[in-house]
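I have placed the structure first, in the form of structure tokens, so that the comments after it can refer back to it.
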2 protein chains.
Amino acid sequence: MGELAAAMGVQKGSLYSLTASKQELLYEALREGATAFHAGLDGIPEELPAGEKIRLALRAHLRVVAEQLDVATVFIREWRYLEGERRDEFVAERRRYEERLRALFREGRDRGELRSDLDEGAAALLALSAANWAYTWLDPGRDTDELADRFTAILVDGIRGYATR
Amino acid sequence: MGELAAAMGVQKGSLYSLTASKQELLYEALREGATAFHAGLDGIPEELPAGEKIRLALRAHLRVVAEQLDVATVFIREWRYLEGERRDEFVAERRRYEERLRALFREGRDRGELRSDLDEGAAALLALSAANWAYTWLDPGRDTDELADRFTAILVDGIRGYATR
DNA sequence: CTCCCTACCTAACGGTCGTTAGCATTGAGT
DNA sequence: ACTCAATGCTAACGACCGTTAGGTAGGGAG
């Protein structure tokens, strides 16, 4: 709170006429994060093939991380300092996001667009890991679309064998 | 330090006849982590094909995370509270580990075992992300070999098309 | 037996942090 | 013109935390 006040050019105590508590601020940052990440998925057209949807999902996720690195960091790492039922609420919201991502893989497999023996849990976790880990190394503001596409290319085609295009 | 002392059944102040500072403890935990992760890579036979080596590397990494979850968490998340030149030393050690992992992909491609257009940086990052993110969800002590193999299968063969075995 | 190192204790210091109380200023709406 | 809500200030609180000072008990080495 001290650093925040200093950055605002204001005394520490003055913050409390603007917010109820530090927990409240954390909660609001988390909601902002949830909104941003979900909005990314909302922007994906339903009718696209699975591979494309996964590519766009990765793009959207990485874009949020790069453009709102602070919010993303809170969403990915700092959420665990949230207490009480707000924490439960966040965890549920987070799970919902992960489930939406996993659904992309499951649907792709069930519709025959992805390999029939696909372990959708492992695949989604792999994608989510890359997406979530990015906050540790991504330069803020950097263009991430190309990077997301490279991740997707590896996810989709693997690393073995030869190029298919 | 208070919690540590309590867990040891000892007064807070008594810790300082056993260690110089909290930073010292953090540093030692980090070294333990570095040793464990590097030892995992050391155990991989040089003559194996690239896919196999990557599979074993992922197995080793996930095993460290599951068997030494506390050390792994410090290694992956808490290292940033280390200060001064010890921090620099750790960052270098960490980079060395990542470079060893990346080398597996690069060598695999250069030897013709992996696709010739492989982006080894992206591939290594994808694998490392999955490995590093695991500390957030892995149940401590759980058997992780099968999980590592599933990740590897997706990495190697991708999610598109049909099973090759 | 004596020395001394290790491990432990109690007590406190100095600092940080989130928060609160009480008060002053200001500006928009009635 | 008066009100009142928003915004800010100063000062302090209580709690926590890493660390230190100074002292005690005990056991092994010389």
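Every chain is numbered from 1 and lettered A, B, ... according to where its sequence line falls, protein lines coming before strand lines. Keep in mind that this is a model prediction, so the values were computed, not measured.
Atom OH of Y16(A) is separated from atom P of dG22(C) by 18 Å (rounded to the nearest Å). Atom-to-atom, CD of E83(B) to C1' of dG18(D) comes out at 12 Å; the value is rounded to the nearest Å. Residue E24(A) contributes atom CD, which lies 15 Å from atom C1' of dG18(C) at whole-angstrom precision. Summarising the geometry, the separation between CD on Q23(A) and C1' on dG18(C) is reported as 11 Å, rounded to the nearest angstrom. Across the protein-nucleic acid pair, Y27(B) atom OH and dG18(D) atom P stand 21 Å apart, rounded to whole Å. Across the protein-nucleic acid pair, M1(A) atom CE and dC13(D) atom P stand 21 Å apart, rounded to whole Å. The separation between Q11(A) atom CD and dT20(C) atom C1' is 15 Å, rounded to whole Å. One interatomic measurement links the two molecules: NZ of K12(A) to C1' of dT7(D), which rounds to 18 Å at whole-angstrom precision.
Going from atom CD of E98(B) over to atom CG of L128(B) covers 5.0 Å, rounded to the nearest 0.5 Å. The CG atom of L104(A) lies 6.0 Å from the CD1 atom of I44(A); values are rounded to the nearest 0.5 Å.
Using a 4.0 Å cut-off between a side-chain N of Lys or Arg and a carboxylate O of Asp or Glu, D119(B) and R109(B) do not qualify as a salt bridge.
The residue L18(A) sits close only to the backbone: its heavy atoms come under 4.0 Å of sugar-phosphate atoms, none of a base.
With the nearest nucleotide of DNA chain C identified for both G13(A) and E3(A), E3(A) has the one nearer the 5' end.
Ring orientation note: the planes of Y97(B) and H38(B) are nearly perpendicular, at an angle over 60° on the 30°/60° scale.
Among the nucleotides dC8(C), dT19(D), dT7(D), the one closest to the side chain of S14(B) is dC8(C).
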